[in-house]
J.: 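Got a structure for you, questions after.
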Amino acid sequence: MLIESGSPVAADTRVGISLTINGQRRDLQVAPWTTLLDLLREHLDLTGTKKGCDHGQCGACTVLVNGTRVNSCLALAVMKDGAEITTVEGLAALSGEGRNSLHPIQEAFIEHDAFQCGYCTPGQLCSSVGLMNEGHAKSRDEIREAMSGNICRCGAYTNIVDAIEDVMGQGGGR
Ligand code: FES
Ligand code: FES
């Protein structure tokens with residue numbers, strides 16, 4: 001698949017990369033300056049991942065790269081060649097119960113009313129899964145600290161921490 005970003009790109013400047021995105025392998029030809037965020041949103045129609053600041057300051061663009069949370073606005077797609085990418089669209093499949101079942105953290109966000117407008121929510125969800133994969137945060141304060149890169153303008157922080165604590169209490173999700 002040919003990916004162009006912005007103005008026309010000479011064929012010899014494109015770089016071939018291969019990514020597994022939400023379980024599906026994609027072979028892509030990308031302009032070297034294409035961010036992972038733009039690749040997902042503008043070229044692959046995975047618009048669940050949001051662009052907020054585009055400068056690494058809000059966390060709206062958080063996705064999982066090989067299970068680690070990453071600000072996709074700061075990552076060039078070519079730097080992730082060979083990686084497994086999970087976006088909010090793919091979180092449900094991580095539950096192991098198929099795409100029609102929500103991931104436990106998604107269920108917990110609903111149960112705990114952990115969003116209002118929802119703009120930050122895809123990033124909050126991916127960051128929450130990354131946090132649980134890391135296994136460092138144990139207390140509410142540690143969860144808050146570890147989630148501090150994800151800004152919520154609606155101020156749903158308390159309920160977000162409630163949701164994460166809930167899933168961690170169930171064994172940390174999947
Ligand atoms: S859009 Fe990437 S951190 Fe804000
Ligand atoms: S729910 Fe609105 S920005 Fe977080």
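Just so you know, ligand 1 is whichever comes first in the structure, and atom 1 is the first atom listed for that ligand.
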J.: How many protein N, O or S atoms are found at a distance of less than 2.8 Å from atom 4 (Fe) of ligand 2?
T.: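 Step by step: take atom 4 (Fe) of ligand 2, keep protein N, O, S below 2.8 Å, and you get 2.
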
J.: Does any N, O or S atom in Cys73 come within less than 2.8 Å of atom 4 (Fe) of ligand 1?
T.: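 Here the distance criterion (N, O or S atom, under 2.8 Å) is not met by Cys73, so no.
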
J.: As an exercise, state the distance from CG of Asn133 to CG of Leu64, rounded to the nearest 0.5 Å.
T.: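 It comes to 6.5 Å.
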
J.: Checking the side chain of Ser128 only, and the main-chain atoms of Gln124 only, is there a donor and an acceptor separated by less than 3.5 Å?
T.: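 Yes, the answer is positive, given that a donor and an acceptor are paired below the 3.5 Å cut-off.
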
J.: Main chain of Thr62, side chain of Asn71: is a donor-acceptor contact present, judged purely on distance under 3.5 Å?
T.: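 Pair absent, no side-chain N/O of Asn71 close to backbone of Thr62.
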
J.: Taking only heavy atoms of Cys61 into account, list the atoms of ligand 1 that are under 4.0 Å away from them.
T.: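 Counting from 1, the qualifying ligand atoms are 1 (S), 2 (Fe), 3 (S).
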
J.: Test of understanding: clusters of I, L, V, M, F, W, Y form through side-chain heavy atoms closer than 4.5 Å, transitively. Do Ile110 and Ile164 belong to the same one?
T.: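 Yes, Ile110 and Ile164 fall within the same hydrophobic cluster.
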
J.: Are the side chain of Tyr119 and the backbone of Arg153 linked by a donor-acceptor contact shorter than 3.5 Å?
T.: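 Pair absent, no side-chain N/O of Tyr119 close to backbone of Arg153.
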
J.: Donor-acceptor pair, distance only, cut-off 3.5 Å: does the side chain of Tyr157 make one with the backbone of Arg144?
T.: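 Flag not set: sc Tyr157 to bb Arg144 has no pair under 3.5 Å.
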
J.: Do any of the N/O/S atoms of Cys53, backbone or side chain, fall under 2.8 Å from atom 4 (Fe) of ligand 1?
T.: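 Of the N, O and S atoms in Cys53, at least one lies under 2.8 Å from atom 4 (Fe) of ligand 1, which means yes.
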
J.: Can you sort out which atoms of ligand 1 are near Gln57, meaning under 4.0 Å from one of its heavy atoms?
T.: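 Reading through ligand 1 atom by atom, the close ones are 3 (S).
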
J.: With heavy-atom distances below 4.0 Å as the criterion, list the atoms of ligand 1 near Gly56.
T.: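 Selected atoms, number and element: 3 (S).
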
J.: Return yes if some donor-acceptor pair links the side-chain N/O of Glu142 with the main-chain N/O of Ser139 below 3.5 Å, else return no.
T.: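 Pair found, side chain donor or acceptor close to backbone of Ser139.
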
J.: Could you see if Val78 belongs to whatever hydrophobic cluster contains Val63? Use Ile, Leu, Val, Met, Phe, Trp, Tyr and a side-chain cutoff under 4.5 Å.
T.: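 Yes, it is one cluster - the side chains of Val78 and Val63 are joined through contacts under 4.5 Å.
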
J.: Could you tell me which atoms of ligand 1, counted from 1 in the order shown, lie closer than 4.0 angstrom to a heavy atom of Cys58?
T.: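 That gives atoms 1 (S), 3 (S), 4 (Fe) of ligand 1.
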
J.: Would you say His55's side chain and Gln57's backbone share a donor-acceptor pair under 3.5 angstrom?
T.: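 No: the side chain of His55 does not pair with the backbone of Gln57.
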
J.: I'd like the name of whichever of Thr62, Val63, Asp54 reaches closest to atom 1 (S) of ligand 1 through any heavy atom.
T.: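 The residue whose heavy atom sits nearest atom 1 (S) of ligand 1 is Asp54.
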
